[in-house]
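Order of the sequence lines sets the chain letters (A, B, ...), proteins ahead of strands, with each chain counted from 1.
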Number of protein chains: 2
Amino acid sequence: MSTSRPKKRSYHHGDLEAALIRSAGNILEKEGLEALSLRETARRAGVSHNAPYRHFAEREALLAALAREGFERLGAAQREAADKGGLRAMGEAYVLFALEHPQRFRLMFGGQISIARHEKLRDVATKTFAGLSGALAARVPEAQGARDASIAAWALVHGLALLLMGDRIASAAMNGRERKAFVRDVLASVRFAAGAA
Amino acid sequence: MSTSRPKKRSYHHGDLEAALIRSAGNILEKEGLEALSLRETARRAGVSHNAPYRHFAEREALLAALAREGFERLGAAQREAADKGGLRAMGEAYVLFALEHPQRFRLMFGGQISIARHEKLRDVATKTFAGLSGALAARVPEAQGARDASIAAWALVHGLALLLMGDRIASAAMNGRERKAFVRDVLASVRFAAGAA
DNA sequence: ATCTAATGTTGACATCGTAAACATAACTCT
DNA sequence: AGAGTTATGTTTACGATGTCAACATTAGAT
């Protein structure tokens with residue numbers, strides 16, 4: 001667990017930016033977004049409370065970096081699932097990612113950070129979604145219907161993830177199934193139709 | 001615009017709790033959740049910064065009251081839609097509610113408040129969802145399949161609402177349609193199957 | 001009318017985000 | 001190698017916030 005830092009640093013840290021993102025990521029996942037303050041992050045990285053400002057213009061910029069990391073990981077998980085199990089696996093992977101990293105997922109989609117305002121974040125996020133809807137649209141060879149269906153599919157997994165995360169689904173509904181099986185069954189209860197009136 | 005208050009109150013306000021909820025609601029919808037502080041709420045209600053503590057144990061309790069109001073309104077909108085246009089209308093109403101009250105919706109589902117910890121909130125929320133899934137389950141006369149499908153339907157509208165709110169849907173995908181029409185088409189691109197493998 | 005509980009107010013404290021001024025190390029150019 | 005410049009940390013300071021404790025005022029019950 002000990003990240004072996006090669007040299008003992010005095011004034012200049014060496015790679016503060018990465019260290020800050022790491023500290024912040026830990027706080028986020030273990031204590032939640034509310035507990036994630038710039039000052040605490042600095043404390044854990046062993047620097048003064050204002051050092052982060054050399055690397056992040058404001059608190060939101062740090063959050064944006066964490067969100068970006070999240071989109072990258074989600075994208076990777078999606079690609080991996082696409083290879084192994086196709087579309088259905090991608091949907092399941094989406095939901096499982098959210099359930100395994102709820103705080104991260106909330107940061108990514110909770111609307112606390114303005115995605116549009118952070119360039120790199122925006123690019124990565126866009127790319128991730130393009131992969132998702134591209135995979136779906138490729139299966140339904142009709143222009144608008146396919147696009148609508150791919151958005152419906154995305155909305156479905158996205159909504160299911162959030163409802164599960166928020167404990168909004170009564171345990172009775174799970175009916176004894178494991179979460180993974182439950183997700184599979186729910187997703188399987190849906191059919192996408194290209195041109196529906 | 002002037003809420004005509006009958007009497008000029010000196011020390012005791014008369015109905016501070018309601019006034020606070022009103023002020024807070026205004027801040028929430030106009031300036032967003034981040035701008036919603038206890039102190040600002042008190043200021044707008046014309047009382048000292050600590051007066052709210054006589055009515056709300058903590059900030060989160062005020063937020064919970066706002067969320068509860070939201071669930072009540074969502075539930076009402078759902079019931080109304082159910083009468084007029086059946087299931088499909090309920091789905092559309094759900095999404096439209098979210099788009100018309102994005103900040104409120106975020107508060108209700110953003111995970112900032114622990115729903116379970118606030119009794120009244122929990123009850124109202126549960127009741128609202130029971131109405132939703134009940135309406136759906138009634139249409140598919142098979143136990144588990146129906147339940148899964150009803151959750152899928154809910155997830156679908158929920159996810160679509162959040163994606164639209166977060167501007168995560170490229171305008172190209174809307175293809176010139178009005179938002180309402182777009183929602184209708186996307187929802188229409190999905191079929192629910194009771195027992196799917 | 002008096003006592004008590006409810007409701008508001010004042011003052012205080014720790015924490016936070018952020019800005020400005022300062023300190024130190026690293027890099028560049030000669 | 002030495003001087004000047006830039007990047008990176010630190011200190012100090014300010015206003016805002018949530019919350020606590022002590023106090024003030026009023027409404028209701030006796």
Rounded off to whole Å, could you give me the [atom1]-to-[atom2] distance for the [X] and [N] pair?
X: E40(A); N: dA14(C); atom1: CD; atom2: P; result: 17 Å
X: E60(A); N: dG17(C); atom1: CD; atom2: C1'; result: 13 Å
X: L20(B); N: dT9(C); atom1: CG; atom2: P; result: 11 Å
X: D15(A); N: dA7(D); atom1: CG; atom2: P; result: 17 Å
X: L38(A); N: dT10(D); atom1: CG; atom2: P; result: 14 Å
X: E17(B); N: dA6(C); atom1: CD; atom2: P; result: 15 Å
X: F56(B); N: dG8(C); atom1: CZ; atom2: P; result: 11 Å
X: L63(B); N: dT17(D); atom1: CG; atom2: C1'; result: 14 Å

Mind checking what makes side-chain contact (heavy atoms from CB on, under 4.5 Å) contact with [X], not counting sequence neighbours?
X: A81(B); result: A89(B), M90(B), A93(B)
X: E31(B); result: I27(B), A35(B), R44(B)
X: A67(B); result: L107(B), M108(B), I113(B), L121(B)
X: E72(A); result: R68(A), V124(A)

> Of all the choices, dT17(D), dG9(D), dT19(D), which nucleotide is nearest to the side chain of R54(A) once you look at every atom?
Replying inline: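 Nearest to the side chain of R54(A) among the choices is dG9(D).
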> Under 30°, 30 to 60°, or over 60°: which ring-plane class applies to Y94(B) and F105(B), parallel, tilted or perpendicular?
Replying inline: perpendicular
>> Please find the pair of heavy atoms, one from V190(B) and one from V190(A), that lie closest to each other, and give the distance.
In response: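 So the two residues come closest at CG1-CG1, 3.6 Å.
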> Once you round to the nearest 0.5 Å, how far does CG of L38(B) lie from OG of S23(B)?
Replying inline: 11.5 Å
>> Quick test of your reading: applying side-chain hydrogen bond (donor to acceptor under 3.5 Å, both in side chains), list the pairs with at least one residue in residues 114-123 of chain B, sequence neighbours left out, ordered by first then second residue.
In response: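 Sorted result for residues 114-123 of chain B: E60(B)-H118(B).
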> Can you list, by residue number, the residues of residues 111-121 of chain A that have a non-hydrogen atom closer than 4.0 angstrom to DNA chain C?
Replying inline: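 The answer is none.
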>> Contact list please: residues 24-37 of chain A against DNA chain C, heavy atoms, distance less than 4.0 Å, in numerical order.
In response: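 Contacting residues: S37(A).
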In a table with atom names and distances, give each donor-acceptor pair under 3.5 Å that connects a side chain of residues 172-180 of chain A to protein atoms at least two apart or in another chain.
| unit_1 | atom_1 | unit_2 | atom_2 | d |
| --- | --- | --- | --- | --- |
| N175(A) | ND2 | Q144(B) | OE1 | 2.6 |
| R177(A) | NE | M174(A) | O | 3.0 |
| R177(A) | NH1 | D185(A) | OD2 | 2.9 |
| R177(A) | NH1 | D148(B) | OD1 | 3.4 |
| R177(A) | NH1 | D148(B) | OD2 | 2.7 |
| R177(A) | NH2 | A173(A) | O | 3.1 |
| R177(A) | NH2 | D148(B) | OD1 | 2.9 |

> dT15(C) phosphate, OP1 or OP2: any side-chain N/O from R43(A) under 4.0 angstrom?
Replying inline: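 So the side-chain polar atoms of R43(A) never come under 4.0 Å of the phosphate oxygens OP1 or OP2 of dT15(C).
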> Hey, is the side chain of Y53(A) poking within less than 4.0 Å of OP1 or OP2 on dG17(C), counting only N and O atoms?
Replying inline: no
> With sequence neighbours left out, what residues match H101(A) under ring pair (Phe, Tyr, Trp, His ring centres under 6.0 Å)?
Replying inline: F97(A)
So which protein N/O to nucleotides 11-15 of chain D N/O distances come out below 3.5 Å?
| unit_1 | atom_1 | unit_2 | atom_2 | d |
| --- | --- | --- | --- | --- |
| dT11(D) | O4 | N50(A) | ND2 | 2.8 |
| dT12(D) | O4 | H49(A) | NE2 | 2.9 |

>> Mind checking if E58(A) touches a base, just sugar-phosphate, or nothing, with heavy atoms under 4.0 Å?
In response: sugar-phosphate
>> Quiz question: going by heavy-atom distance under 3.5 Å, is there a donor-acceptor pair between the base of dG17(C) and the side chain of R59(A)?
In response: no
> With sequence neighbours left out, what residues match R104(B) under side-chain hydrogen bond (donor to acceptor under 3.5 Å, both in side chains)?
Replying inline: E29(B), E69(B)
>> Give me each pair satisfying ring pair (Phe, Tyr, Trp, His ring centres under 6.0 Å) with a member in residues 34-76 of chain B, each pair once, sequence neighbours excluded.
In response: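 Matches after skipping sequence neighbours: F71(B)-F109(B), F71(B)-F129(B).
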